[in-house]
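Letters go in sequence order (proteins before strands), and every chain restarts at 1. No hydrogens, no waters, no symmetry mates; every other heavy atom, side chains included, goes into these values.
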Amino acid sequence: MATASPLPVAPGAPPELTRRSPLGDRVFRAIAYAASMFVLVLIAAIAVFLLAKSWPAFRQEGLGFFTRRQWFPDQPHPDFGVAALAVGTVVSSVIALLIAVPVALGSALFATELAPPSLGRWTGYLVDLLAAVPSVVYGLWGVIFLVPKLVPLERNLDHHLGFIPLFHSPNHTYGRSVFAASVVLAIMILPIIAAISREVFRQVPRANREAALALGATRWEMIRMSVLPYSRGGIIGAVMLGLGRALGATIAIALVLAAAFNVNLHIFSPGGNTIAANIATKFGEAGALGRDGLIASGVVLFGITLVVNMAARAIVYRSGRVAEGRP
Amino acid sequence: VSAAGSTFVQNLAQQWIKDYEAACPGATVNYQGVGSGAGVQQLLAGTVDFAGSDFPLGTADMATAQSKGGAVVQVPWAAGGIALEYKLNGVTDLKLSPDTIASIFAGKVTKWDDAAIKADNAGAALPSEGITVVHRSDGSGTTNALTSYLTAVSPGIWTFGSDKTWKSPAGQGAKGSDQVTAVVKQTEGAIGYAELSFAKGNSLSVAAVKNPSGQFVSPDSTSVKAALAEATVPGTGLVKLNFMPSDAGAYPISIATWAIVYQKPSDPAKAKLIQSFLTYASTTGQSAADGLYYTPLPAMFGSTDTALIASIQTS
């Protein structure tokens, strides 16, 4: 493009860059600066608001807020805590990731590496379409259609693998379980992980692929040696966004999961609850302390999300150094 | 005017609104079944003009109401039976005694072929299915009424007291009477509770409950009315239910439910409309109750309701 430049540049003399800062640059710099500051202020404001509003609840329950399971804030003797909710939130999101990530990565690899371009595009569109379905629809679909269909599966797994506590349902009841909620969550976070992974895979330089193939790699070896390592940071980012959505999923979980305030590690047994779903169910009828308590549970969710995101950053950072051959 | 609250009364309230708006063109009434707990909170927050609730205001809520909008009027405006709806393959005529009901909802009886249930149902073939208790996950007047009943009839087994929030560790929650019913309908071995109209509308089986005369009685208009006839109705409208009716034909889990409105609504035009709608609901509207599996209020409520509705200040 340099040859098309109307301004002739003398060889050896670099163009004057520092003489003046054009108006456009200054405006751009100011807007970009303001935008990034705005985001920081916004996050700080949210944190301050949450902490201030939740203070009465923390003061009422003290450290017990983190260990109690019940949620009876508006009683003469308030007794409420976030233990069951936090466990339910994390467990359901982790199981959702275990289901969604292989499917999402598989579909993204199919679309970019295996399928003919037109078919790949179409599968991509269809997966993206899943993201356009409102979560309340997923919730209703889950509770009306999916839950009864999962019962025989859950019953069979309990029957044959019930010696593993995770698969055992103490009362032999099944249905609106953590597992069912996780399946719905998995479908909800599938499109976001698949779409980002697809874009990440497309960024892998053609040269990397061709080098692997030229060395005699099969298709799978090429994907394993050149596509996946190059995309690792992007894949982790995609998974973290999916996890973020799963942690905060509200109405779908409120519909599918049987609200019960127990730490439910029997994933086929109905019961358990999540922070976001509990806020959705209880906010309308909460009294003063109940509302503070729900906001306090929001602070805990905020904290969980922060920790998860920082952990992901650390992984991306480390994997970047490993990929570049540094310690 | 807009109102919100009890899902117990929802099916009947929708019918009243339809009929009332047809009779009085131009008037619009909007009722959202959000649960009694949420309805009361919305009234206290001033976002609705009146609330439907299956329990009267407690002392704390009453104090909040006083400071927000002054005194309230609590009008008993509908009645019905709380049906114990269940789904159990091959069983359509389940009979339950108070202690058995308490044991099931307390999580002490967890199988349908438990000896306690067998004792109530001599000769019936009960499957060895696990019992899934389905309760309300939101604050509910129906929960309050059921737990009040259990506290009254079986305090030794039901130790969780009466409250609008479910406190027993048994079972799984669902939001609103409609979701409770939907979950029971799709879960083999489930039992839940809701106003009779929800069970009937979804073709669910309903348990007959043993009353103090030793009779197993199913909820219907006659049996609920017989139980309500033994309630006491003071001038304040704060009905005192009798969960141990002496009438041999009475269904014991029968309740009345309230419309709660500020005595002096801020907008006189709305006050007039509320007064007119409540008058309609508590008089002519009662005849719609039977067809929807509710129960018309017994005659003794009439004068109390008239006086309470008249006490709403419209100027």
Side-chain angles (χ1 to χ4, degrees), chain A residues 69-80 84 139-140 142-152 155 158 169-178 180 251 253-262 264 269-273 277-278 280-291, chain B residues 4-5 32 34-45 47 51 53 58-61 64 107 109-112 128-141 160-161 163-176 179-180 182-191:
Chain A
R69 286 171 287 182
Q70 302 288 18
W71 195 267
F72 302 131
D74 296 314
Q75 304 285 330
H77 302 286
D79 171 15
F80 58 102
L140 288 171
V143 72
I144 293 168
F145 179 85
L146 181 71
V147 163
K149 299 274 187 286
L150 285 178
V151 169
R155 195 185 294 268
D158 181 11
S169 177
N171 195 20
H172 298 285
T173 52
Y174 310 91
R176 300 166 73 223
S177 57
V178 172
I251 194 69
I253 298 298
L255 284 167
V256 173
L257 192 58
F261 292 90
N262 52 346
N264 184 3
S269 179
N273 208 339
N278 185 54
T281 327
K282 300 280 187 198
F283 202 81
E285 70 205 35
L289 187 58
R291 206 159 276 215
Chain B
Q32 293 174 19
V34 293
S36 299
V40 166
Q41 288 304 324
Q42 290 191 22
L43 180 75
L44 298 182
T47 52
S53 175
T59 43
D61 286 340
T64 314
V109 164
T110 59
K111 289 271 187 200
W112 281 107
S128 171
E129 182 82 40
I131 300 178
T132 300
V133 170
V134 186
H135 58 78
R136 292 281 292 273
S137 61
D138 50 340
S140 152
F160 305 98
D163 198 80
K164 61 184 177 175
T165 309
W166 185 258
K167 288 185 173 168
S168 157
Q172 44 173 296
K175 194 168 164 62
Q179 282 296 321
V180 166
V183 171
V184 170
K185 192 176 182 179
Q186 67 173 24
T187 311
E188 187 61 36
I191 184 166

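Heavy-atom distances place the side chain of B:V183, and not its backbone, under 4.5 Å from chain A. For B:D61, no part sits under 4.5 Å from any heavy atom of chain A, backbone or side chain. Neither the backbone nor the side chain of A:V151 comes within less than 4.5 Å of any heavy atom in chain B. No part of A:A288 comes within reach of chain B, as not one of its non-hydrogen atoms sits under 4.5 angstrom from that chain. There is no contact between B:L44 and chain A, counting heavy-atom distances below 4.5 Å. Heavy atoms of B:A182 lying under 4.5 Å from chain A are absent altogether.
Chain A forms more heavy-atom pairs under 4.5 Å with one residue of B:S36, B:G130, B:S137 than with any other, namely B:S137.
Rounding to the nearest 0.5 Å places OG1 of B:T132 at 10.0 Å from OH of A:Y174. Here B:E188 contributes atom CD and A:R155 contributes atom CZ; the two are 8.0 Å apart, rounded to the nearest 0.5 Å. Separation of atoms CD1 (A:I144) and NZ (B:K185) is listed at 10.0 Å; rounding is to 0.5 Å. To the nearest 0.5 Å, atom CG of residue A:N273 and atom CD of residue B:Q172 are 11.5 Å apart.
A donor-acceptor contact shorter than 3.5 Å links the side chain of B:Q186 to the backbone of A:V143. No donor-acceptor distance shorter than 3.5 angstrom exists from the side chain of A:K282 to the backbone of B:G139, with no hydrogens or angles considered.
Minimum interatomic distance between A:R176 and B:G173 (heavy atoms only, all atoms of both residues): NH1-O, 3.0 Å.
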